[in-house]
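Step one of this worksheet: look at the structure below.
The chain is numbered in sequence order, starting from 1. Worth saying up front: this structure is predicted, and the values here are computed from it rather than measured.
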Amino acid sequence: MTTVRISDDALALACGADAVASAFEQAGWTVERVSSWGMHWLEPLIEITGIGWGPVTPDRVAGIIAGQADDLCIGPIAAHPWIASQQRLTFARAGRTRPLSLEDYEATGGWQGLSRARSLEPATVVDELIASGLRGRGGAGFPAGIKWQTVLGAPGPEKYIVCNADEGDSGTFADRMLMEGDPFQLLEGMAIAAHAVGADQGYIYVRSEYPHAIAKLNAAIALAEQHLAPFVAEVRVGAGAYVCGEETSLLNSIEGKRGEVRAKPPLPALQGLFGCPTVVNNVLTLAAVPHIMSEGGAATYARLGVDRSKGTMPIQLAGNIKHGGLYETAFGITLQELIYDIGGGTGSGRPVKAVQVGGPLGAYFPPSLFDTPYDYEAFAARDGLIGHGGIVVFDDSVDMAAQARFAMEFCAIESCGKCTPCRIGSVRGQEVIDRIVGGENRGENISLLEDLCQTLKLGSLCALGGFTPYPVLSALKHFPEDFQRARAYDGRGLK
């Protein structure tokens with residue numbers, strides 16, 4: 001009997017993977033549900049003895065079985081240029097293993113990092129993480145090892161490991177793919193962190209919009225209990241507030257309080273969850289740890305990348321792009337290569353006008369900046385940020401003044417309301433942009449918008465208000481013509 005492998009992650013399911021699986025089962029085939037390869041434009045993607053077909057619909061199954069679907073065949077999946085050109089460490093198992101199979105996980109190096117870490121002193125584990133150069137993959141890029149070192153040295157009755165899985169940025173899906181496709185790797189990374197800092201309890205804070213990830217994590221925790229012990233992990237489900245992606249707001253939510261930002265200091269590493277020293281890392285950061293802690297892994301990781309941006313980054317290509325999906329590679333690749341060589345340009349076939357990197361609060365980059373290498377300092381030098389690694393592509397039909405207005409509107413809706421610049425400044429920002437595009441004292445209002453953005457950047461308590469100026473100012477700087485066309489906002493958009 002022949003076996004076909006089909007992903008069961010949320011994107012594949014949304015594209016009809018279950019119906020395709022059912023068609024193969026009805027034909028008498030054995031179906032294995034596996035993690036996603038990350039080639040989203042080909043989903044549902046099926047694999048038979050290493051050969052891939054996609055996107056597959058139920059009506060094409062009979063043709064595939066009969067050998068009459070050459071138009072869907074992409075050849076050996078592992079040799080496909082999208083896969084073969086990557087440097088996969090965090091997503092090394094993607095497409096290759098069954099998400100909840102301990103047998104598959106152990107056969108592909110699972111638990112080796114944890115076993116080695118537990119044979120070392122906690123301080124040695126922290127030193128290796130520092131030497132690897134791993135930086136937080138959730139936003140600011142703070143060195144993960146320094147955070148762990150702070151928690152290790154902090155006094156407290158208890159210490160905690162908190163995984164920030166509140167993946168709310170537009171165009172990002174790497175956390176979801178990891179949790180749904182390789183949940184044991186995340187748990188192993190958390191257990192290593194627990195050993196390194198002296199914690200016994202961990203929490204994974206997942207947004208409620210990810211039911212498949214939540215189910216996979218809970219199942220994985222139950223299956224891996226003996227491997228993780230004495231470390232205990234628990235899933236906590238958020239209620240949909242974007243601001244809970246900010247670490248202190250997230251901690252408040254776990255504690256059962258309103259998702260509201262805390263003033264810093266004290267830092268969570270010193271006084272975090274329940275007032276105790278807490279490591280707060282995001283999914284991709286913790287998932288990179290098992291590889292780093294494997295024999296020779298830290299040195300290998302440090303050799304990848306450029307300057308202070310070490311290792312690999314799972315980059316998510318989304319928006320108006322021909323080949324959308326997850327592409328993991330070492331830091332240093334340019335936006336030009338990512339958008340055209342990897343992504344294939346726009347899905348519409350029209351020219352690329354802008355890309356937004358770093359979620360809804362990331363800066364917009366025009367084609368003149370596509371030579372920017374993908375690393376933290378290079379983006380910062382051009383008033384941008386990498387954030388969680390999402391890249392959203394827009395063609396030349398986009399209205400950048402409307403995009404700038406959306407950033408202010410988004411901030412106003414998602415603000416926790418604690419600080420004045422974010423709560424009120426975002427509302428005033430919408431009004432100022434409306435006046436600019438309405439032709440009312442454009443020069444004065446543009447200056448006012450720039451001043452307002454500085455107030456948001458410097459006066460907000462967290463990155464929600466502090467980063468909102470990035471898309472606004474970049475749109476104003478690189479696409480000034482879109483602010484000069486007279487039109488009005490009708491409640492749904494600029495007309």
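- Closest non-hydrogen pair, I339 versus I321, comes out as O-CD1, 4.3 Å.
- Counting heavy atoms from C-beta on, the side chains of L335 and F379 come closer than 4.5 Å.
- Side-chain contact of D166 with Y242: a donor-acceptor pair under 3.5 Å is absent, judged by distance alone.
- Between the NE2 atom of H227 and the CG atom of L102 there is a distance of 5.0 Å, given to the nearest 0.5 Å.
- Rounding to the nearest 0.5 angstrom, the gap separating the CD1 atom in I192 from the CG atom in L187 is 11.0 Å.
- The closest side-chain heavy-atom distance from V352 to F394 is not below 4.5 Å.
- In this structure, the side chain of E255 engages the main chain of F274 through a donor-acceptor pair within 3.5 Å.
- Ring centers of Y364 and Y470: at least 6.0 Å apart, outside the cut-off.
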Just do the side chain to side chain donor-acceptor pair (under 3.5 Å) check on Y160 and D200 with the steps written out, would you? CA-CA 7 Å; Y160 295 100; D200 294 321; over 6 Å; no
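- Between V4 and the choices V56, V61, V31, T49, the side chain to side chain contact (heavy atoms under 4.5 Å, CB included) rule is met once, by V31.
- In this pair, F173 and H40 present their aromatic rings tilted. The plane angle is within the 30 to 60° band.
- Here the closest heavy-atom approach between residue L464 and residue E414 is recorded as CD2-O, 3.5 Å.
- In terms of heavy atoms, P122 sits closest to A196 at CB-O, 3.3 Å.
- Classification of R5 and E32 as a salt-bridged pair holds, one side-chain N sitting under 4.0 Å from a carboxylate O.
- Ring pair F370/F365: centre-to-centre distance not below 6.0 Å.
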With salt bridge (Lys or Arg N to Asp or Glu O under 4.0 Å) as the criterion, how do D371 and R382 come out once you've worked through the C-alpha distance, each side chain's angles and the decisive distance to 0.1 Å? CA-CA 11 Å; D371 63 338; R382 291 184 166 179; 2.6 Å; yes
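- For K159 (side chain) and L152 (main-chain N/O), a donor-acceptor pair under 3.5 Å exists by modelled atom type.
- A distance of 6.0 Å or more separates the ring centres of H195 and F231.
- Remark: side-chain polar atoms of S249 are paired, donor with acceptor, to backbone N or O of G259 under 3.5 angstrom.
- In this structure a side-chain-to-backbone donor-acceptor pair under 3.5 Å is missing from S132 to Y301.
- Here K353 does not pair with D395 in a salt bridge; the nearest charged N to carboxylate O distance is not below 4.0 Å.
- Considering only heavy atoms from C-beta on, I391 stays 4.5 Å or farther from Y327 through its side chain.
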When you look at N281 and N164, which way does the side chain to side chain contact (heavy atoms under 4.5 Å, CB included) test go after all the steps? CA-CA 6 Å; N281 286 140; N164 182 349; over 6 Å; no
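- Side-chain contact between I204 and M190 is present, with at least one heavy-atom pair separated by less than 4.5 Å.
- Between Y203 and V235, every side-chain heavy-atom pair lies at or beyond the 4.5 Å cut-off.
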With side chain to side chain contact (heavy atoms under 4.5 Å, CB included) as the test, would you mind laying out the steps for W82 and L42 before giving the verdict? CA-CA 11 Å; W82 175 276; L42 292 174; over 6 Å; no
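- Taking a cutoff of 4.0 Å between a charged side-chain nitrogen and a carboxylate oxygen, D71 and R60 qualify as a salt bridge.
- Considering all non-hydrogen atoms of both residues, D9 and S36 come closest at OD2-CB, 3.6 Å.
- Looking at E247 and K264, a side-chain N of the basic residue comes within less than 4.0 Å of a carboxylate O on the acidic one, giving a salt bridge.
- Judged purely by atom type and a 3.5 angstrom limit, S85 uses its side chain to pair as donor or acceptor with the backbone of P81.
- The main-chain N or O of P99 is never found under 3.5 Å from a side-chain atom of K216 such that the two would form a donor-acceptor pair.
- Between S170 and V392 the shortest heavy-atom distance is O-CG2, 4.0 Å.
- The existence of a salt bridge linking R137 and E167 is excluded, since no basic side-chain nitrogen approaches an acidic carboxylate oxygen closer than 4.0 Å.
- Atom-to-atom distance recorded for T285:OG1 and I292:CD1 is 9.5 Å, nearest 0.5 angstrom.
- Between Y105 and F184, the ring planes are tilted. Angles from 30° to 60° get that label.
- With salt bridges taken as basic N to acidic carboxylate O contacts below 4.0 Å, one links E128 and R116.
- Side-chain N or O atoms of H388 include none that pairs as donor or acceptor with a backbone N or O of G390 at under 3.5 Å.
- The existence of a salt bridge linking K310 and D375 is excluded, since no basic side-chain nitrogen approaches an acidic carboxylate oxygen closer than 4.0 Å.
- Side-chain contact between I74 and L45 is present, with heavy atoms from C-beta onward closer than 4.5 Å.
- Stacking of R135 on the aromatic ring of F142 is not recorded, the 6.0 Å distance cut-off and the 45° axial limit not both being met.
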As a quick check of understanding, evaluate side chain to side chain contact (heavy atoms under 4.5 Å, CB included) for M293 and V125, giving each step before the final call. CA-CA 8 Å; M293 288 312 302; V125 174; 4.0 Å; yes
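- Inter-residue side-chain proximity for S474 and D383 is flagged as unmet; no heavy-atom pair is nearer than 4.5 Å.
- Side-chain contact between L134 and P143: absent, with no pair of heavy atoms (C-beta onward) separated by less than 4.5 Å.
- Atom NE2 of residue H323 and atom CG of residue D341 lie 12.0 Å apart, to the nearest 0.5 angstrom.
- Here the shortest heavy-atom pairing between A17 and R33 reads CB-NH2, 3.7 Å.
- Under 3.5 Å, the side chains of E121 and T124 contain no donor-acceptor pair of N or O atoms.
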Taking it one step at a time, do T3 and I48 satisfy side chain to side chain contact (heavy atoms under 4.5 Å, CB included)? CA-CA 7 Å; T3 299; I48 304 171; over 6 Å; no
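- Not a single donor-acceptor pair under 3.5 Å links the side chain of T312 to the backbone N or O of L89.
- Between atom CD1 of residue I6 and atom CD of residue E47 there is a gap of 11.0 Å, rounded to the nearest 0.5 Å.
- Using a 30° and 60° split on the angle between ring planes, Y374 and F331 fall in the parallel class, below 30°.
- Distance check: E234 CD to C163 SG gives 13.5 Å after rounding to the nearest 0.5 Å.
- The closest donor-acceptor contact from the side chain of E180 to the backbone of A10 lies under 3.5 Å.
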T334 and E337: CA distance, side-chain angles, deciding distance, side chain to side chain donor-acceptor pair (under 3.5 Å) verdict: CA-CA 5 Å; T334 65; E337 294 172 286; 3.1 Å; yes
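- Using modelled atom types, no side-chain atom of D8 and backbone atom of S35 make a donor-acceptor pair closer than 3.5 Å.
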